[in-house]
Chemist: 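Take a look at the following structure, please.
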Amino acid sequence: MGLPHASRWFSHLSSLTLNRFSSSSPRSLSRLNRSYTQFIVTTNFSLKRQLQRPLFKTMASSTHVVDATARQDKVTAPYGSWKSPITADVVSGASKRLSGIAVDCHGHLFWVESRPSESGRSVLVREADKPGEEPTDITPKEFAVRTTAQEYGGGAFTISEDTVIYSNYKDQRLYKQSIKSKDSSPVPLTPDYGGPVVSYADGVFDLRFNRFVTVMEDRRVSSTNSTTTIVAVGLSDKNIQEPKVLVSGNDFYAFPRIDPKGERIAWIEWGHPNMPWDKTELWVGYISENGDVHNRICVAGCDPTAVESPTEPKWSSKGELFFVTDRKSGFWNLYKWIESVNEVQAIYSLDAEFSKPLWVFGINSYELFQNNEGKNLIACSYRKNGRSFLGILDDVQSSLSLLDIPFTDIDNITSWNRCLYVEGASAVHPSSVAKVHLDDYGSKVVDFKIIWSSSPDSLNYNSYFSVPELIEFPTEVPGQNAYAFFYPPSNPIYQASQEEKPPLLLKSHGGPTSETRGILNLSIQYWTSRGWAFVDVNYGGSTGYGREYRERLVDKWGIVDVNDCCSCANFLVDNGKVADLSMLRAETHKFESHYIDNLVGNEKDYFERSPINFVDRFSCPIILFQGLEDKVVPPDQARKIYLALKKKGLPVALVEYEGEQHGFRKAENIK
């Protein structure tokens, strides 16, 4: 989900990307320009003055310093006019998206990558057998590995032994395919419903009953109020049958996980109006001889006097259940279930986040493994103070040892034979997958090697890269601070005069329950290499800083986020942009259908924060880019904005893209 944004325009047409509708109130319109764009633009922001403010604290930085000698060798030109080899073609064609990793029984790494050059097609790829060889595409050209469950997808494939099961994007059916050979053909496992109306995600193999247990989202009756269940899909090559429902009755399910003996299943569930980071429940069910689930026990999240959001359940090889929850401290920490007394035990407590919001299926923030001595250990990642850490946790001694790797941002990890495969990035590494070899004790890194990179050619431009500084700044609420990543202008050839101040682009990230991260992003470097400063704000309501910080936005969406952006940039803007909150609430898909109620409040708040109700305050030119298959921000939103501005007589344009959903995937459209 996107969010409301603030923006200032500076004498010529600027662009607007529909991540979600904007919002504003008459109270804030007098001091803030509310726009439906990714950037706030100002031309007279004093960078030096801002960074010298006493409460503007640099948490971690790699400051861009230009000495007198370097200045003499550079071309002097105004900020914003510098030439750069990081072109729109480079940005749009450079980055592939990663949609999950897995390791087979032989230790081969597999991943799904989305390719802008193939219209965003998602392909399962196997790592090369030998150095110097090319990775192998497993997915046939007429297939694509992607699920549309909950619109955002994730968890689209699972590997066991020499078999992969995946969701095919076009028809959303599950297919089984051998991964021994790239020439093997996919075999359908689920019925053909005449269209992509039933989706599957986050599945696991159930070897005891030769079946695949997965989350199923059924949209045959209603596309906006689908039915979600946990089902079993038979793996026999005989007749395809309707999936068997194992768990049902709640609005949403995730993380169905079966113990090593196939006797118990754990899962996460939640219901409206909660989102999975608000309040969820962890359940365990016992599997009968005929494969049904019975005798269910609530492990965490069922106490009506406590609020927590357990996530990521996982069984050890010994049948112990581990999971992550944010009870008591408000931070997602690791816990273990004591089955004999149905109690939970904290493994290690830290004011840091050991998981992240469940926007997509298939999150894997920790792995259970054994070292050479047979000792059980937990490889885990967590976020604290704007960066990620990778560590090894000994749950018996409750001790954590950090691993030294170049990544400062980590998404998911998996393991095989004392090796960790880590999805990560840093300020100088694009999104990548690295193979991390551990010593015999599983406590130190002996080798680090990048296996896959989303943008291997990006390092050709490293002399142009602006390294972000994590800054902490005061908000309008006394005693409350917020965070942002600041990117100074950077170009090895150009400099501005010492008297000139750089213009600023301010980005307010989507979500809003999400987090911006200080990693290499050519879309940002495109601007900084041309002499723009760039600030990416983690306003109140962002993740990565615990529940209390995350809940600053409850009932205050369009207020707290906007004020924090203004505080970060230290300026006010004059004019508002357009959107209709009430219309979006009626049209959005089931997963987020009650999300907006928690963020905004009652009907009066909807009206006061919908800029469409204050057309008389519009004054800025605007251009809108809209994917016609976007179900998160439906096309009618953009069209209503367009008509309102056109009626007022402001310069406005609407560009619509066939085949694009929420977040453009095709290289030509990204450009």
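Throughout, numbering of the chain's residues begins at 1 and tracks the sequence.
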Chemist: Any idea which heavy atoms bring Val652 and Leu624 closest together, and the distance?
Modeler: CG2-CD1, 4.0 Å
Chemist: So do the side chains of Ile450 and His429 get within less than 4.5 Å of each other, counting heavy atoms only?
Modeler: yes
Chemist: Nearest 0.5 Å, please: how far is CG in Leu520 from OG1 in Thr408?
Modeler: 10.5 Å
Chemist: Does Phe465 offer a backbone N or O that forms a donor-acceptor pair with the side chain of Ser490 under 3.5 Å?
Modeler: yes
Chemist: Without swapping roles, check the side chain of Asn364 against the backbone of Ile413 for a donor-acceptor pair under 3.5 Å.
Modeler: yes
Chemist: Going through the distances and angles, do Val445 and Asp404 end up as a side chain to side chain contact (heavy atoms under 4.5 Å, CB included)?
Modeler: CA-CA 7 Å; Val445 175; Asp404 185 14; 5.6 Å; no
Chemist: The test is side chain to side chain contact (heavy atoms under 4.5 Å, CB included); show your working for Phe485 and Ile524 and say whether it passes.
Modeler: CA-CA 11 Å; Phe485 288 101; Ile524 294 177; over 6 Å; no
Chemist: Over all heavy atoms of both residues, which pair between Asn412 and Gly362 is shortest? Give the atoms and the distance, please.
Modeler: OD1-O, 4.3 Å
Chemist: Under 3.5 Å, is there a donor-acceptor pair linking the side chains of Ser466 and Thr528?
Modeler: no
Chemist: Between Phe389 and Tyr382, what is the ring plane arrangement, given parallel below 30°, perpendicular above 60°, and tilted in between?
Modeler: parallel
Chemist: Using only atom types and a distance under 3.5 Å, with no angle test, would you say the side chain of Asp561 pairs donor to acceptor with the backbone of Tyr539?
Modeler: no
Chemist: Do you know the tightest heavy-atom contact between Pro512 and Trp557?
Modeler: CG-NE1, 3.7 Å
Chemist: Below 4.5 Å, heavy atoms only, C-beta onward: do Trp452 and Val125 meet side chain to side chain?
Modeler: no
Chemist: How far does OG1 of Thr76 sit from CD of Gln498, to the nearest 0.5 angstrom?
Modeler: 9.0 Å
Chemist: With the side chain counted from C-beta on, respond yes when Asn538 and Thr516 share a heavy-atom pair under 4.5 Å apart, and no when they do not.
Modeler: yes
Chemist: Taking atom OG of Ser388 and atom CG of Asp411, what is their separation to the nearest 0.5 Å?
Modeler: 7.5 Å
Chemist: Report the distance from atom OG of Ser458 to atom CD of Gln525, rounding to the nearest 0.5 Å.
Modeler: 9.5 Å
Chemist: Give a yes or no answer on whether the side chain of Arg530 reaches the backbone of Ile86 with a donor-acceptor pair at less than 3.5 Å.
Modeler: yes
Chemist: Using the salt bridge (charged side-chain N to carboxylate O under 4.0 Å, His left out) definition, which of the options Arg550, Arg383, Lys356 pairs with Glu515?
Modeler: Arg383
Chemist: Which value, rounded to the nearest 0.5 Å, describes the distance between Asp536 atom CG and Tyr487 atom OH?
Modeler: 6.0 Å
Chemist: Is the backbone N or O of Ser454 less than 3.5 Å from a side-chain atom of Ser431, with the two atoms forming a donor-acceptor pair by type?
Modeler: no
Chemist: Take atom CD of Glu629 as the centre, draw a 6.0 Å sphere, and report whether it contains more than 12 heavy atoms from other residues, nucleotides or ligands.
Modeler: yes
Chemist: For a 4.5 angstrom cut-off between non-hydrogen side-chain atoms, does Ser432 reach Phe407?
Modeler: yes
Chemist: With heavy-atom distances below 4.5 Å as the criterion, would you say the side chains of Trp111 and Ile451 are in contact?
Modeler: yes
Chemist: Could you check whether any side-chain N or O of Ser426 sits under 3.5 Å from a backbone N or O of Val428, counting only pairs where one atom can act as donor and the other as acceptor?
Modeler: yes
Chemist: Ring centres under 6.0 Å, that's the criterion: do Tyr526 and Phe534 meet it?
Modeler: no
Chemist: If you measure from CD on Glu551 to CD on Glu548, what distance do you get to the nearest 0.5 Å?
Modeler: 9.0 Å
Chemist: Measure from the side-chain N and O atoms of Asn491 to the backbone N and O of Lys83, and report whether any donor-acceptor pair falls under 3.5 Å.
Modeler: yes
Chemist: Below 30° counts as parallel, above 60° as perpendicular, anything between as tilted: where do the rings of Tyr545 and Tyr483 land?
Modeler: parallel
Chemist: Between Trp82 and Ala496, which heavy-atom pair has the shortest distance, and what is it?
Modeler: CZ2-N, 3.6 Å
Chemist: Should Ile410 and Ile405 count as side-chain neighbours, where that means a heavy-atom distance under 4.5 Å?
Modeler: yes
Chemist: For a 4.5 angstrom cut-off between non-hydrogen side-chain atoms, does Pro78 reach Glu500?
Modeler: yes
Chemist: What closest approach, in Å, do Ala533 and Pro489 show between heavy atoms, and which atom pair accounts for it?
Modeler: N-CG, 3.8 Å
Chemist: Where do His509 and Ser542 come nearest, in terms of heavy atoms and distance?
Modeler: NE2-OG, 2.7 Å
Chemist: Given 3.5 Å as the limit, does a donor-acceptor pair link the side chain of Glu353 with the main chain of Trp332, or not?
Modeler: yes
Chemist: Under the 3.5 angstrom rule, does the side chain of Gln626 hit a backbone N or O of Leu654 as a donor-acceptor pair?
Modeler: no
Chemist: Using side-chain heavy atoms (C-beta onward) and a distance below 4.5 Å, is Val537 in contact with Ser508?
Modeler: no
